[in-house]
There are 2 protein chains.
Amino acid sequence: MNRERREHLELWEDLVRAHAAIVGRLEHEMEAEQGLPLRWYEVLLRLSRAPDGHMRMQDLAEVVLQSKSGLSRLIDRMEEAGLVSRQACPSDGRGINAAVTPAGRHRFRRAAPLHVRGIEQHFGRHLVPAQAAALRSLLSELLEIHAPAHPSEPLGGSQEHGQTA
Amino acid sequence: MNRERREHLELWEDLVRAHAAIVGRLEHEMEAEQGLPLRWYEVLLRLSRAPDGHMRMQDLAEVVLQSKSGLSRLIDRMEEAGLVSRQACPSDGRGINAAVTPAGRHRFRRAAPLHVRGIEQHFGRHLVPAQAAALRSLLSELLEIHAPAHPSEPLGGSQEHGQTA
DNA sequence: CCTGGAAAGTTGTCCTGGCAAGAACTCTCC
DNA sequence: GGAGAGTTCTTGCCAGGACAACTTTCCAGG
């Protein structure tokens, strides 16, 4: 019982370290070779994926893991750089759509291969199929528990942490 | 080939999301229930583990994944809070040892169960043995590649990224 | 129609962290 | 033993991000 817990702790620690190391590399490479902060790339990626190249600020904030205010300023900077633009949302007067500009798409297309290659090289490359399968099932479990895929809980509510055991 | 890559990309995305979600919870719980930023806890943990309750600033910075300057200020704050203290390093005049104070140890002991429980609840609990094993082997591979366990490369050098494929 | 409550974004303010420069010290080699 | 190169830590400065307050808009109920 306790043995298992100890192992889980170690796994968590290692996971955090590996995550940090890989993200660090990806950030550094993206910045060095494309002059693009990883966050910017993330935004461009999400917008490029989106149906008409635009998303509501709120939704975008969620997928790129930033606060509303954080995203607002991020979009400020990217707008100034000409990579995205803000547009009023037709269906909701309060809403704003962040949209990729052509320049943004171009920038994204140039940067994408680097990111794909980086992930493969620093991560995917080391996955054997059994590990990939295990990881997939684990992550889907974890995300189901944690991620507000269907925004149902504010996540900040500390609504549980009861001694479920 | 491309199929596999696509899957690796998805796995990476999911990993990032799961990591963020779990860290978010741990941070929130630690702050809410113990009034302790997770970083502070990390420092207390490392120092409590260390032989005489102290570590060189540099080494500490590495294990808690912060820059030298970041750690310096972090220790400033914790010192002011009475949880750690700075001591001259006897063997090297340039060095500073960060040491846990008794108050720091006390605080750590009170907080540790929460952290352990949190990790088990948000992470370990969902691991079946096969996943744990797969994860362990994967992480050790990744860390061997990436982590400067033996500080040999500055990590910022972008010394490879050649198309190894 | 009007009012009150909720939601979307933006902005003021503050905190944290990184980089680069600086101060203090150590080590090597002449 | 002294000069110069390299470490270790701290500090000035700035960028990025979070929280809370605010404005505008939407919606439900009377």
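Just so it is clear: chains get the letters A, B, ... in the order the sequence lines come, proteins before strands, and each one is counted from 1.
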- When we call it a touch if two heavy atoms are under 4.0 Å apart, what does B:D76 touch: a base, just sugar-phosphate, or nothing? nothing

- Closest to the A:I96 side chain, choosing from D:dC9, D:dA20, C:dG9: C:dG9

- Query: Counting only side-chain N and O atoms of B:R77, is one of them less than 4.0 Å from OP1 or OP2 of C:dG17?
  - Reply: yes

- Message: Can you say whether a donor on the side chain of B:S69 sits under 3.5 Å from an acceptor on the base of C:dC19, or the other way round?
- Response: yes

- Item | Salt-bridge criterion met for A:E13 and B:R136 (N-O under 4.0 Å) | no

- Nearest-Å distance for atom pair CH2/P, residues B:W40 and C:dG17: 11 Å

- Note on the structure: Looking only at D:dT25, C:dG9, D:dA18, the nucleotide nearest the A:M57 side chain is C:dG9

- Respond yes when some side-chain nitrogen or oxygen of B:R86 is under 4.0 Å from OP1 or OP2 of D:dT10, and no when none is. yes

- On DNA chain D, check which nucleotide each of B:D59 and B:R73 is closest to and give me the residue with the more 5' one. B:D59

- Query: Checking only heavy atoms, does the side chain of B:R39 share a donor-acceptor pair with the base of C:dG17 at less than 3.5 Å?
  - Reply: no

- Name the residue closer to the 5' end of DNA chain C, choosing between B:P37 and B:K68 according to the nucleotide with the nearest heavy atom. B:P37

- Message: From CG of B:L74 over to P of D:dC9, roughly how many Å is that when rounded to an integer?
- Response: 14 Å

- Between D:dG6 atom P and B:Q58 atom CD, what is the distance in whole Å? 16 Å

- Message: So, does A:R56 get its side chain near the phosphate of C:dA7, meaning an N or O under 4.0 Å from OP1 or OP2?
- Response: no

- Do you see a donor-acceptor pair shorter than 3.5 Å between the side chains of A:H54 and A:Q87? no

- Message: If only side-chain N and O atoms count, and only distance matters, is there a donor-acceptor pair under 3.5 Å linking A:S137 with B:Q131?
- Response: yes

- Atom pair distance, as rounded to whole Å: CD in A:E80 and C1' in C:dT10: 16 Å

- Item | Nearest-nucleotide comparison on DNA chain D, the residue closer to the 5′ end among A:G70 and A:S91 | A:G70

- Message: Can you say whether a donor on the side chain of A:R94 sits under 3.5 Å from an acceptor on the base of D:dT24, or the other way round?
- Response: no

- Item | Distance in angstrom units between A:L38 CG and D:dG17 P, rounded | 11 Å

- Between atom NE2 in A:H54 and atom P in C:dG9, what is the gap in whole Å? 13 Å

- Message: For the residue pair B:E29 / B:H122, report whether a side-chain donor-acceptor contact shorter than 3.5 Å exists.
- Response: yes

- B:N97 CG to D:dT8 P: how many Å, rounded? 13 Å

- Query: Aromatic rings B:H146 and A:H126: how do their planes relate, parallel, tilted or perpendicular, breaks at 30° and 60°?
  - Reply: perpendicular

- Calculate the interatomic distance between B:E27 atom CD and D:dC19 atom C1'; express it in whole Å. 14 Å

